[in-house]
Amino acid sequence: MRGEMAFRTVARMRSDFPSKFGIPRQSGLVTELNSTIVFEPEFRNPDALRGIEGFSHLWLIWEFSAAVRKEWSPTVRPPRLGGNTRVGVFATRSPFRPNPLGLSCVKLEGVELNTPEGPVLHVSGADLMDGTPIFDIKPYVPYADCHPEAKEGFAPAPIRQLEVSFPPPLLELVPQNRREALQGVLACDPRPSYQDDPARIYGMSFAGLEVSFRVEGNQLFVLSVTKTP
């Protein structure tokens, strides 16, 4: 009986997140986020994408490349439960798993077959860090994949709970085609859910920028925007 299987990276994500902090906790939460899937040289064959333009959404199977560990634990502490309550790893979407695999549904915005990097896919709503290895891409099929009656367990659907106060002079420092996405990410509250210190200043990297902010009550205040060295 085969016990192990080697995966090949078929593509990598090109996104505005060079590090984990600030990435939406699930795919689809910030629809304004645009990313590009670039295939590895071995898989830059247009025939492999034939017919994909007929689907509006895709499933991505990928690696939590920044969370790979040799050991694993049968229980984890989800931030949604305050970071103190332990539940079974298979009852969560935690990145700390026996096999660090992620699953995301993204919207297919466009297909380019002839670029200097071969065929690429333009997608929106992704929750992947820049450079994330992608192992497989499958079409999303509504009649089989959509279950409106499904139970949410301890992870009910999140809502954009923060009002973002973004001073116009600072917003001007953000490329115009990234402004809505950045504000959407901030509105989703990038902080760990168990942190609520109004005096604490947080920093996140996004699209070549370093953004600092603090949160007080339901308000997020952007404090500075600087270009990443």
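These numbers come from a predicted model, not from an experiment.
Side chains of S205 and E210: a donor-acceptor N/O pair is present below 3.5 angstrom, by distance only. Side-chain polar atoms of S104 and D127 form a donor-acceptor pair below 3.5 angstrom. Residues R14 and T36 bring no donor and acceptor atom of their side chains to less than 3.5 Å of each other. A donor-acceptor contact under 3.5 angstrom links the side chains of S212 and S224, judged on distance only.
Proximity of V10 to E40: side-chain heavy atoms (C-beta onward) are nowhere separated by under 4.5 Å. Between V164 and F221, every side-chain heavy-atom pair lies at or beyond the 4.5 Å cut-off. Annotation: side chain of L162 is not in contact with side chain of L186 (no heavy-atom distance under 4.5 Å). Contact check for V68 versus P100: side-chain heavy atoms found under the 4.5 Å cut-off. Two residues are said to be in side-chain contact when any heavy atoms from C-beta on lie closer than 4.5 Å; P24 and F17 meet this criterion. A 4.5 Å side-chain heavy-atom check between L58 and L121 finds at least one atom pair inside the cut-off. L60 has its side chain out of reach of L103: every pair of non-hydrogen atoms, C-beta onward, lies at least 4.5 Å apart. You'll find the side chain of Q26 reaches within 4.5 Å of the side chain of R93, heavy atoms only.
A donor-acceptor distance shorter than 3.5 angstrom exists from the side chain of D189 to the backbone of R191, with no hydrogens or angles considered. At least one donor-acceptor pair under 3.5 Å links the side chain of T228 to the backbone N or O of G208. Without hydrogens or angle criteria, T9 side chain to A11 main chain gives no donor-acceptor distance under 3.5 Å. Side-chain atoms of T31 never come within 3.5 Å of backbone atoms of G125 as a donor-acceptor pair (strictly under, hydrogens ignored). Of the possible polar contacts, none joining the R97 side chain to the F90 backbone as a donor-acceptor pair under 3.5 Å is found. R77 places no side-chain N or O within 3.5 Å of a backbone atom of N84 that could act as its donor or acceptor partner. Using modelled atom types, one side-chain atom of T115 and one backbone atom of G118 make a donor-acceptor pair closer than 3.5 Å.
Atom NE2 of H122 is separated from atom CD of E109 by 10.0 Å, given to the nearest 0.5 angstrom. Here the CD1 atom belonging to I134 is positioned 15.5 Å from the CZ atom belonging to R8, to the nearest 0.5 angstrom. Distance CH2/W72 to OG/S94: 12.0 Å, rounded to 0.5 Å. Taking SG from C105 and NE2 from H57, the interatomic distance works out to 5.5 Å, rounded to the nearest 0.5 Å. To the nearest 0.5 Å, atom SG of residue C188 and atom CG of residue L33 are 8.5 Å apart. Annotation: the span from Q219 atom CD to F213 atom CZ amounts to 13.5 Å, rounded to 0.5 Å.
The local environment of CD in E71 is sparse, with at most 12 non-hydrogen atoms from other residues, nucleotides or ligands closer than 6.0 Å. The neighbour count for D47 CG, taken as heavy atoms of other residues, nucleotides or ligands under 6.0 Å away, is above 12. No more than 12 heavy-atom neighbours from other residues, nucleotides or ligands sit within 6.0 angstrom of CD on Q176. More than 12 non-hydrogen atoms from other residues, nucleotides or ligands lie less than 6.0 angstrom from CZ of R86.
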- Task: Please test F154 against T92 for side-chain contact (heavy atoms from CB on, under 4.5 Å), starting from the C-alpha separation and ending with a verdict.
- Result: CA-CA 9 Å; F154 61 82; T92 76; 4.0 Å; yes
- Message: Could you go through S35 and V123, starting from their C-alpha distance and side-chain angles, then the distance that decides it, and tell me whether this counts as side-chain contact (heavy atoms from CB on, under 4.5 Å)?
- Response: CA-CA 5 Å; S35 308; V123 301; 4.1 Å; yes
- Message: One pair to check against side-chain contact (heavy atoms from CB on, under 4.5 Å): M204 and K20. What are the steps and the verdict?
- Response: CA-CA 9 Å; M204 61 170 281; K20 294 185 297 181; over 6 Å; no
- Query: Would R200 and E216 count as a salt bridge (charged side-chain N to carboxylate O under 4.0 Å, His left out) if you check the C-alpha gap in whole Å, the side-chain angles of each, and the deciding distance to 0.1 Å?
  - Reply: CA-CA 10 Å; R200 182 165 181 172; E216 185 173 351; over 6 Å; no
- Item | Trace of the side-chain contact (heavy atoms from CB on, under 4.5 Å) decision for L173 with L209 | CA-CA 9 Å; L173 300 175; L209 302 170; 5.7 Å; no
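L220 and F166 fall within a single hydrophobic cluster, where Ile, Leu, Val, Met, Phe, Trp and Tyr side chains are chained together by heavy-atom contacts under 4.5 Å. Both I37 and I52 sit in one connected hydrophobic cluster of ILVMFWY residues. Membership requires side-chain heavy atoms under 4.5 Å apart, directly or through other members. Under the 4.5 Å side-chain heavy-atom criterion for ILVMFWY residues, no single connected hydrophobic cluster contains both I137 and V120. Both L171 and F206 are part of a single hydrophobic cluster, where members link through side-chain heavy atoms under 4.5 Å apart. If you chain together hydrophobic residues whose side chains sit under 4.5 Å apart, W62 and L108 fall into the same group.
Sorted by first and then second residue, the pairs that involve residues 128-145 and meet side chain to side chain donor-acceptor pair (under 3.5 Å), not counting sequence neighbours, are W59-D145, D136-K138.
Annotation: cation-pi geometry not satisfied between R214 and Y202 (NZ/CZ under 6.0 angstrom from ring centroid, within 45° of ring axis).
At a threshold of 4.0 Å, the pair R12-E117 does not count as salt-bridged, since none of the basic side-chain nitrogens sits closer than that to a carboxylate oxygen.
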